[in-house]
Amino acid sequence: MAKVKLILLFLIIPFLHLKLALAGELIFKNNIKITPAPKEIVYGKGCVRIEAKDWSICLDMDDSSLLFIGRQLCAHIKKSADIELALENYPAVLKPKNIVLKVIKEKTEINQFSDFLKGDIFEEIGMQGYILAVKDSNVYLIARSAEGIFYAVQTLKQLIRKDEKTIFFPEIHIKDYPRIAVRGVHFLGIEKECIYQQLQYMAEHKLNMAIFDVWDMFDLDHYESSRDLKKIFDYARQNYIEPVPQISSLSCVAPFLLKNPNCAEGIWQENIPWQFKNEILAPVTEGKSFFNNILITDDSPLIIKSTDGKIRFEEGKDYIIERHEIKYPYNTEDSSLIIRRLASGRIKSGEIILMNYNCVELKNNQVPYCPSEKETYEIMFSAIENVITHLKPEFIHFGHDEIKGMNKDSRCLKRGLSNAQLFADDINCLYNFAKKHDKGIKIMLWDDMLNPWDNGGNENYQIQYRGKAGKTADAIAMIPKDIILMSWWYEENDRLGKMGHIADFHRSKDLKYFCCPWDKKKNILDWIEIAASDKGCLGVIITNWYGWKKNVDNISFMAEKAW
């Protein structure tokens with residue numbers, strides 16, 4: 001009877017192993033969701049269990065990038081299951097029970113993995129792709145670069161399952177690589193209490209560029225601003241996310257105007273009558289005043305003259321400026337300027353005079369800076385130099401979108417330039433200064449003011465903001481060809497034809513570009529299809545104009561579809 005039981009046991013055990021293996025396969029297939037989804041997954045028949053006492057992570061210990069990734073994986077496994085794995089140098093002969101992180105730099109190195117690396121894998125996976133295989137008591141993460149290994153680790157972490165004692169993985173073979181090379185996020189501001197979690201989220205979703213549009217880019221000469229951004233940039237790079245500083249210029253320039261509000265693009269007021277009432281200059285007509293936010297610099301002087309134009313009165317001789325307080329955001333109610341007549345001067349008490357000046361009229365909240373004011377570039381050049389020195393970026397983004405009111409200030413008007421010429425001159429000025437400090441740096445701009453299918457193609461765009469008529473899109477022929485444009489369009493309906501013409505437009509100008517959606521899934525998909533089909537497109541950058549939390553679902557959606 002005992003012999004019969006023993007025979008039955010030997011028959012049952014293999015059956016149970018097969019049943020458990022098949023059950024394990026089904027459990028993994030039905031319960032594992034990898035984000036972004038890999039290009040190809042093949043499940044095996046069972047699972048591989050990881051135990052601390054005889055497993056290790058095997059890599060090239062002389063490769064600092066791989067070593068950092070290996071330590072990250074060790075920390076994750078320790079946190080997940082309280083299992084501490086050792087790091088070991090990649091041996092000449094690979095033994096079982098290793099998690100292998102292997103960068104293959106030559107095709108011949110594939111031979112040692114020939115039992116599961118088939119076909120022309122080397123070219124197929126590219127520099128960001130990877131092979132992940134759980135096979136024969138080993139876990140293999142194979143790629144052509146450390147970045148590919150990093151992405152393989154992000155997938156491996158999603159495969160981990162654990163029980164009371166250990167963790168385990170399904171037997172599996174994954175071949176994976178991105179559809180689009182650059183997949184990024186544009187941040188409007190930084191929430192310092194959660195930016196590291198947001199960057200970690202990006203890394204886990206295999207996003208690899210972050211554009212930081214933050215006011216601190218103008219304050220890197222302050223220790224705290226420099227320290228905080230350096231840490232953020234370092235953390236991004238450690239997670240294979242290229243950090244890009246945006247120094248907003250010409251258009252949305254609030255941090256710039258906080259430094260010098262007199263550098264705003266004003267509206268030229270010529271021969272406006274004013275009168276010295278009780279020795280103080282006041283409007284001739286009560287209730288009608290353009291006396292707020294007068295811009296006074298060496299390039300934008302306040303001119304007071306007699307009504308016949310024969311006498312130009314002098315400050316300190318005929319009048320004094322008792323107060324000139326101008327701040328951003330600009331005051332729309334009380335005068336910030338007090339001008340008093342000097343009794344010893346040529347202005348008579350009660351005399352009406354004519355004034356010429358530039359002032360800010362607030363009909364929109366996007367006051368551009370004046371590209372014809374020398375003090376403008378003192379601030380911009382300082383910011384550019386500090387960004388390059390402290391952050392050492394590969395790219396700098398200079399903004400330049402939705403410029404609402406240019407070429408209307410006396411400083412610009414006296415130059416006699418068209419809107420396109422003035423626009424191009426500003427871009428070239430910033431470009432040349434940045435290249436002077438770092439020849440290899442790449443310059444990025446929003447494209448709407450340079451695109452004939454967007455704001456740049458509207459002859460009357462500046463008129464609604466009291467500027468001159470004229471398209472700014474013509475500036476595209478006046479700027480360097482290596483400038484990278486950020487093409488944005490957020491509506492599902494391509495009513496201006498921008499998305500439909502984008503590839504041909506950039507190809508005709510020999511320009512590279514990024515596609516930039518925002519919060520509509522159809523629009524995101526449409527931009528991804530353009531990016532995937534056009535070799536001139538470098539990638540997809542999703543924007544966050546209302547913050548990360550309100551857009552995180554769309555960020556995840558873009559990450560999934562762009563990979």
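In this text the structure is predicted, and so the values were computed from the model without any measurement. Index from 1, following the sequence.
Salt-bridge check for Lys521 with Asp553: passed, with a basic side-chain N closer than 4.0 Å to an acidic carboxylate O. Salt bridge annotation for Glu171-Lys135: absent, with no cationic side-chain nitrogen under 4.0 angstrom from a carboxylate oxygen. Ion pairing between Asp526 and Lys522 holds under the 4.0 Å rule for side-chain N and carboxylate O. A salt bridge links Asp504 with Arg507: the distance from a Lys NZ or Arg NE/NH1/NH2 to an Asp or Glu carboxylate oxygen falls below 4.0 Å.
Without hydrogens or angle criteria, Ser487 side chain to Cys515 main chain gives no donor-acceptor distance under 3.5 Å. Formation of a donor-acceptor pair under 3.5 Å by the Asp482 side chain with backbone atoms of Lys512 is not found in this model. With hydrogens and angles ignored, the 3.5 Å screen pairs no side-chain donor or acceptor of Ser556 with any backbone N or O of Val552. When atom types are taken as modelled, the side chain of Asp494 and the backbone of Met499 share a donor-acceptor pair closer than 3.5 angstrom. Checked by atom type and distance alone, the side chain of Asn138 pairs as donor or acceptor with a backbone atom of Lys97 at under 3.5 Å. A donor-acceptor contact shorter than 3.5 Å is absent between the side chain of Arg49 and the backbone of Cys47. Between the side chain of Glu560 and the main chain of Phe557, no donor-acceptor pair closer than 3.5 Å is present. At least one donor-acceptor pair under 3.5 Å links the side chain of Asn208 to the backbone N or O of Arg183.
A donor-acceptor contact under 3.5 angstrom links the side chains of Thr35 and Lys33, judged on distance only. Between the side chains of Asp519 and Asn551, not a single donor N or O lies within less than 3.5 Å of an accepting N or O. Side chains of Trp55 and Asn98: a donor-acceptor N/O pair is absent below 3.5 angstrom, by distance only. Using modelled atom types and a 3.5 Å distance limit, the side chains of Asp448 and Asn455 yield a donor-acceptor pair. One side chain, Asp213 or Ser248, offers a donor N or O that lies under 3.5 Å from an acceptor on the other. A donor-acceptor contact closer than 3.5 angstrom is absent between the side chains of Ser251 and His400. Counted by atom type alone, Asn432 and Asn428 present zero donor-acceptor pairs between their side chains at under 3.5 Å. A donor and an acceptor atom, one from each side chain of Glu40 and His173, are nowhere located under 3.5 Å apart. Thr155 and Lys206 share a side-chain donor-acceptor pair at under 3.5 Å. Between Tyr151 and Glu147, the side chains place a donor N or O and an acceptor N or O closer than 3.5 Å (distance only, hydrogens not considered).
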Go through the steps for Glu385 and Phe433 under the test side-chain contact (heavy atoms from CB on, under 4.5 Å), then give the verdict. CA-CA 8 Å; Glu385 186 173 0; Phe433 186 84; 4.2 Å; yes

How far apart are the C-alpha atoms of Leu207 and Tyr201, what are their side-chain angles, what is the distance that settles it, and do they pass the side-chain contact (heavy atoms from CB on, under 4.5 Å) test? CA-CA 9 Å; Leu207 297 168; Tyr201 184 94; 5.6 Å; no

Using the side chain to side chain donor-acceptor pair (under 3.5 Å) rule, take Gln154 and Gln158 through it: C-alpha gap first, then chi angles, then the decisive distance, then the call. CA-CA 7 Å; Gln154 306 316 306; Gln158 297 179 65; over 6 Å; no

Tell me, with the steps shown, if Trp446 and His397 meet side-chain contact (heavy atoms from CB on, under 4.5 Å). CA-CA 8 Å; Trp446 298 112; His397 195 312; 3.5 Å; yes

Do Asp176 and Trp563 pass the side chain to side chain donor-acceptor pair (under 3.5 Å) test, and can you show the C-alpha distance, the side-chain angles, and the key distance before you say yes or no? CA-CA 9 Å; Asp176 201 12; Trp563 179 268; 2.8 Å; yes

Are Ile99 and Ser56 close enough, and set up right, to give a side-chain contact (heavy atoms from CB on, under 4.5 Å), and what steps lead you there? CA-CA 6 Å; Ile99 299 177; Ser56 60; over 6 Å; no

Test log, rule side chain to side chain donor-acceptor pair (under 3.5 Å), inputs Trp518 and Asn523: CA-CA 8 Å; Trp518 178 13; Asn523 179 262; over 6 Å; no

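The environment of OH in Tyr490 is crowded: more than 12 heavy-atom neighbours from other residues, nucleotides or ligands sit within 6.0 Å. Heavy-atom contacts from other residues, nucleotides or ligands closer than 6.0 Å to NZ of Lys78 number more than 12. No more than 12 heavy atoms of other residues, nucleotides or ligands lie within 6.0 Å of NZ in Lys535, so this atom counts as exposed by the packing criterion. More than 12 heavy atoms of other residues, nucleotides or ligands shown are found within 6.0 angstrom of CD on Glu123. Environment of NZ in Lys192: crowded, with over 12 heavy atoms of neighbouring residues, nucleotides or ligands closer than 6.0 Å. In this structure, Glu193 places its CD atom where more than 12 heavy-atom neighbours from other residues, nucleotides or ligands lie under 6.0 Å away.
Contact check for Gln366 versus Glu402: side-chain heavy atoms found under the 4.5 Å cut-off. Side-chain contact between Pro243 and Leu391 is absent, with no heavy-atom pair separated by less than 4.5 Å. Counting only heavy atoms from C-beta outward, the side chains of Asn239 and Phe150 approach each other to under 4.5 Å. Contact of the Val387 side chain with the Leu229 side chain is not registered, since no non-hydrogen atoms from C-beta on lie closer than 4.5 Å. Counting heavy atoms from C-beta outward, Val139 and Val100 have side chains that stay 4.5 Å or more apart. Within the 4.5 Å cutoff, side-chain heavy atoms of Asp447 are placed close to those of Ile502. Residues Trp548 and Ile195 fail the side-chain proximity criterion, which asks for heavy atoms closer than 4.5 Å. Using a 4.5 Å heavy-atom cutoff, the side chains of Ile50 and Thr166 are not in contact.
For Lys102 and Tyr140, the positive end is not near the middle of the six-membered ring at less than 6.0 Å and at most 45° from its axis. Geometrically, Lys561 does not engage Trp527 in a cation-pi contact, judged by NZ or CZ lying under 6.0 Å from the ring centre and within 45° of the ring axis.
Residues Tyr90 and Phe113 come closest through the heavy atom pair OH-CZ, 3.4 Å. Scanning both residues, Gly457 and Ala473, for their nearest heavy atoms gives N-CB, 4.1 Å. In plain terms, the two heavy atoms of Gly129 and Pro178 that are nearest each other are N-CD, 4.2 Å. Across Leu199 and Ile241, no two heavy atoms sit closer than the pair O-CD1, 3.4 Å. The shortest non-hydrogen separation linking Gly440 to Lys435 is C-NZ, 4.4 Å. Across all non-hydrogen atoms, the minimal contact from Ala420 to Lys471 is CB-O, 3.5 Å.
Rounding to the nearest 0.5 angstrom, the gap separating the CD1 atom in Ile57 from the SG atom in Cys74 is 3.5 Å. We find the CZ-CD1 distance between Arg144 and Ile149 to be 12.5 Å, quoted to the nearest 0.5 Å. Here CD of Glu204 is found 5.0 Å from NZ of Lys157. Values are rounded to the nearest 0.5 Å.
Ring centers of Tyr130 and Tyr177: at least 6.0 Å apart, outside the cut-off. A ring-centre distance under 6.0 Å is not found for Trp488 and His186. Checked against the 6.0 Å centroid criterion, the rings of Phe505 and Tyr513 do not qualify as a close aromatic pair.
Contacts classified as side-chain hydrogen bond (donor to acceptor under 3.5 Å, both in side chains) and involving residues 57-69 (residues at least two apart or in different chains) are not found.
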